[in-house]
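The structure presented is a predicted model; accordingly, all values stated were derived computationally and were not measured.
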Amino acid sequence: MSEIPKAYKPGKIEKKWYDFWLKQGYFCPKKDQSKKPFVIIMPPPNVTGELHLGHALTATLEDIMARWHRMKGEPTLWLPGTDHAGIATQVVVERQLAKEGLTKEQIGRDQFTRVTWEWANKSREHIRRQHQLLGASCDWARERFTLDEGPTRAVRTAFVRLFNRDLIYRRERIINWCPRCQTALSDLEVEHKDIAGSLYYIRYPLAQGKGFVTVATTRPETFLGDTAVAVNPTDKRYRKLIGKIVVLPVINRQIPVIADDAVDTSFGTGALKITPAHDATDFEVAQRHILPLVDVMNPDATMNENAGPYQGLERFACRGKVLTDLQDKGLLEKTEPYSHSVGHCDRCQTMIEPRVSLQWFVRTQSLAEPAIEAVRDGRIRIIPERFTKIYFDWMGNIKDWCISRQLWWGHRIPVWYCQDCSEVTCSVDEPRACVHCGSKQIIQDPDVLDTWFSSGLWTHSTLGWPEDTDDLRYFYPGSVMETGYDILFFWVARMIMMGLENMGEIPFHSVYLHGLIRDESGEKMSKVRGNVTDPSEAIGKYGVDALRFALTSGTSAGNDTNVGKPKLESGRNFVNKLWNASRFILQTLDTDGSQSKAAEPQPRSMEDLWINSQLNRLIKSVTELMESFQFGEAEQQIYDFIWSKFCDWYIEIVKIRLRSRSAASPVPVLVDTLEKSLRLLHPFMPFVTEELWQMVKQRLGTGDQMAASIMIAPYPIADNTAFAPEAERVMDSVIEIVHSIRNVRAQYKVGPSKYVEAHVYTDELLSNLSAEASVIEALAKARPLSVRDRQGRPSVKDTDLVLVLKEAEVVVPLAGMVDVLAEEQRLARESKEIEERIARLNVRLRDSAFLNRAPVEIVEKQRQKLAMLEDKLKRLHQELSQLGSASADG
RNA sequence: GGGCAGUUGGCUCAGUGGUUAGAGCGUCGGUUUCACAUACCGAAGGUCACAGGUUCAAAUCCUGUACUGCCCACCA
């Protein structure tokens with residue numbers, strides 16, 4: 001009907017159906033105690049702003065799983081949410097303030113928090129809208145934010161429980177300090193980059209007598225905090241110096257030379273300066289030798305009062321000054337270029353300053369052990385499997401986790417310090433007094449928790465924990481945790497630890513890790529490169545279904561995906577192809593009223609049996625692929641079926657039947673195949689499939705027999721009885737014949753409107769191919785066309801082109817056009833190839849090892865192939881000899 | 001320093017032991033044919049990085065080499 005537009009226009013359709021689904025409440029699961037629910041807790045995006053393609057991939061993969069399971073009849077919960085993202089959000093808001101010329105200190109903590117809440121609320125709304133744009137079928141009624149009351153209570157409860165079990169402690173340690181953010185960071189939040197620096201050789205004069213010890217360092221400015229020089233006890237060069245005193249230049253502090261195994265004799269001079277307050281190794285050495293700590297820097301990485309004359313200088317300015325001064329005194333022995341790895345803040349890229357500081361830590365080892373066990377014994381499966389080893393490696397060497405942050409945005413640490421007795425009160429609810437002495441002079445710790453602390457509880461805090469809620473009982477543990485491999489340690493590992501700790505049970509059964517999204521040429525997307533694709537823009541241009549296709553088709557777990565214009569266009573084209581195939585079928589339905597209401601499709605003809613067989617093979621394969629998390633491959637196979645089988649062949653063949661009134665109507669099979677294809681595809685492309693499903697439903701007028709929406713219709717199940725090997729064999733032959741005739745047409749430049757004469761000769765398939773004569777005639781534009789047995793074949797003329805196929809010969813008379821010599825060569829080439837293959841098969845089939853060890857069906861297959869090839873070769877040889885005699889006659 | 005992954009047509013990638021290795025894009029030639037030019041028809045193009053090994057059978061498993069990318073690591 002002309003009212004269906006030629007091209008699919010996504011915009012309005014997408015909005016219409018999303019609103020419809022929402023209104024119908026399909027996203028909200030109905031608890032059914034007799035059924036096992038399918039549960040995905042969405043990785044909460046940071047409330048820092050827009051969603052990018054990585055988020056779109058997350059949402060798409062999770063939506064594919066959710067929709068598929070929902071269609072399978074499982075109560076499906078996909079719980080959405082957002083993360084306050086402590087440091088990330090604070091950095092963004094600080095930048096925002098800076099544009100107005102303000103700093104957070106100027107407006108104060110309360111005002112800053114208010115501004116950040118406003119930002120977060122706006123951002124949350126934006127994120128929700130974007131997810132909805134993507135078609136995400138999540139239960140918005142259960143949406144959570146990490147700073148919501150429930151999750152906050154979970155954070156405090158978890159903290160207090162760990163504290164009471166002595167799994168959280170406060171201690172002075174070397175931590176990663178970001179001088180820009182002015183907070184401690186965990187090891188994971190530090191990005192190591194190779195820096196082309198220098199190795200400076202500095203002389204420390206001996207306190208008594210002449211001479212000096214030369215130390216090598218990349219950070220000369222830290223010499224101000226040195227409290228010893230260490231050498232390896234086995235190092236003969238320095239044996240006499242152990243116990244001696246050296247003098248730090250400029251500030252003239254006297255420090256000892258000590259012996260410690262940590263020193264590598266082969267590095268630098270073999271003498272190591274010990275700066276306990278600014279280096280992790282040095283800190284350990286200092287602890288062993290009870291050396292004093294001298295912190296020479298302020299939190300902003302300027303030099304402090306301990307730096308003497310350098311006080312007030314920025315750390316790198318100080319380095320320059322130190323080097324000049326040492327040079328002047330002749331104490332800078334040499335400088336070598338030296339490349340080494342330096343930590344940077346992963347949020348603001350500022351160089352990290354290792355610094356001694358009093359912080360809160362989680363004692364991780366006892367939490368890690370059960371988490372390792374859960375994966376080892378298979379209770380939790382990681383996909384792809386290779387990440388299991390990475391997980392074990394990290395968990396096996398886990399370090400204590402620094403959880404306190406000197407930020408303003410986040411969960412306040414639930415600890416109060418007593419001004420009177422100096423004891424600590426740790427409590428879920430705000431305490432009125434010190435639990436130790438009853439003093440009311442208590443002050444809450446000013447710090448907040450690492451944002452990943454609350455994320456770690458996400459699998460159960462979102463379901464109501466620490467309360468014992470219905471949701472928690474029914475939906476915990478979750479089914480799949482789907483996220484990027486880049487946050488395996490940050491998040492997945494911690495969820496497993498915290499889930500086991502708080503719930504006594506694993507938080508999810510499977511972990512599906514997806515890869516990174518890159519641009520079309522494999523480059524990482526970044527604002528600096530200017531190759532960022534904005535999801536909303538892509539949606540506006542190509543439609544959601546096309547974007548989802550671009551993100552997921554033909555990809556697999558753990559592998560990075562390139563997304564760019566070509567992939568998006570390919571997705572859009574496919575949607576359009578499906579649209580037009582449906583458009584054709586709907587038009588057919590209108591004109592073919594007589595058969596349209598037949599509910600049960602009854603495959604009658606060969607092509608009906610064929611497409612039905614192929615469809616059910618597809619369903620079987622897709623089911624297996626989905627069950628093993630191979631979504632990209634499943635999608636690809638659906639694509640191939642719809643385009644290359646259903647559209648290219650079945651629909652084209654069926655058009656012939658539609659033209660002749662006498663033939664049985666193809667409409668029931670047409671509709672059935674379309675309808676099942678739509679259901680198969682729905683998890684991947686929800687919008688176009690719903691629109692088309694509804695259109696079909698409306699035209700059929702059988703609304704009561706179909707579900708109200710495709711998203712709650714059952715996912716197709718393969719019918720093994722539909723497999724039709726005989727029909728497949730015949731159709732393979734038909735396709736081969738049509739291909740070969742088209743090939744000849746193109747080769748001999750037969751115009752598109754011209755028909756060529758063609759004769760098919762076959763014995764075994766005679767009756768079946770005769771029945772398909774009209775199909776061959778129409779699709780190959782062959783007329784007159786005949787299908788006969790081989791006996792009836794007239795002797796070949798040199799004007800005939802003979803094509804020897806698998807189970808037939810096709811003769812195309814092309815008077816005056818055939819180059820006999822070239823034909824002879826072509827046939828000779830072809831028979832030579834076949835001879836080679838036969839030879840190879842013969843070798844194999846005479847090999848007793850193969851016959852004895854290979855499975856019988858494989859051997860049988862080879863025999864059949866050999867027989868087929870020998871038959872074909874025989875026919876080829878016949879043609880060749882006939883051609884030879886024909887040309888000799890001619 | 002340790003580990004992981006990748007190397008398949010011009011490009012981007014599928015292909016998890018079964019024998020003629022696939023797709024999309026691009027290229028070349030043809031077609032505006034009544035679902036679709038976001039399309040159709042036809043074609044060209046690959047000793048599956050290299051070298052060994054296991055196996056009746058290897059793009060696929062193992063070992064080594066090379067290159068590329070990523071992750072981890074207290075390389076003063």
Do A/Lys334 and A/Thr214 have a side chain donor and acceptor closer than 3.5 Å? no
For this session: Mind checking A/Ala280 for me? I need base, sugar-phosphate or nothing, with any heavy atom below 4.0 Å counting as a touch.
Result: nothing
Query raised in the report: Does any N or O donor sit under 3.5 Å from an N or O acceptor when you compare the side chain of A/Glu652 with the base of B/A35?
Result: yes
Closest of B/U16, B/U38, B/A76 to the A/Gln630 side chain is B/U16
Rounded to whole Å, the OH-C1' distance (A/Tyr485 to B/G3) equals 15 Å
Handout entry: Under 4.0 angstrom between A/Asn576 side-chain N/O and B/A39 OP1 or OP2
Key = no
Inset, instruction - Using only heavy-atom distances, decide whether a donor-acceptor pair under 3.5 angstrom links the side-chain of A/Arg844 to the base of B/U19. - result: yes
Quiz item: Taking atom P in both B/A44 and B/G1, what distance in whole Å separates the two?
Solution: 49 Å
OP1 or OP2 of B/C40 less than 4.0 angstrom from a side-chain nitrogen or oxygen of A/Trp643, does that happen here?
yes
Exercise. Determine whether any donor atom in the side chain of A/Lys6 lies under 3.5 Å from an acceptor atom in the base of B/A35, or the reverse, and answer yes or no.
Key: no
Requested in this report: Please confirm whether the backbone N or O of A/Ile611 pairs with a side-chain atom of A/Trp649, one donor and one acceptor, at under 3.5 Å?
Outcome: no
In whole angstrom, give me the gap between the P atoms of B/C13 and B/G64. 27 Å
A/Asn743 has its side chain closest, among B/A76, B/U38, B/G42, to B/G42
Between A/Ser186 and A/Arg494 the two heavy atoms that sit nearest each other are OG-NH2, 4.4 Å
Side-chain N,O (A/His739) to OP1/OP2 (B/G42) below 4.0 Å
yes
Sugar-phosphate, base or nothing in reach of A/Val859, heavy atoms under 4.0 Å
nothing
What's A/Tyr338 touching, base or sugar-phosphate or nothing? Going by heavy atoms closer than 4.0 Å. base
Next on the checklist: For A/Asn576 and A/Asn580, which I'm curious about, is there any donor-acceptor pair between the side chains at under 3.5 Å?
Outcome noted: yes
>> Would you say A/Asn580 places a side-chain N or O within less than 4.0 Å of OP1 or OP2 belonging to B/U38?
In response: no
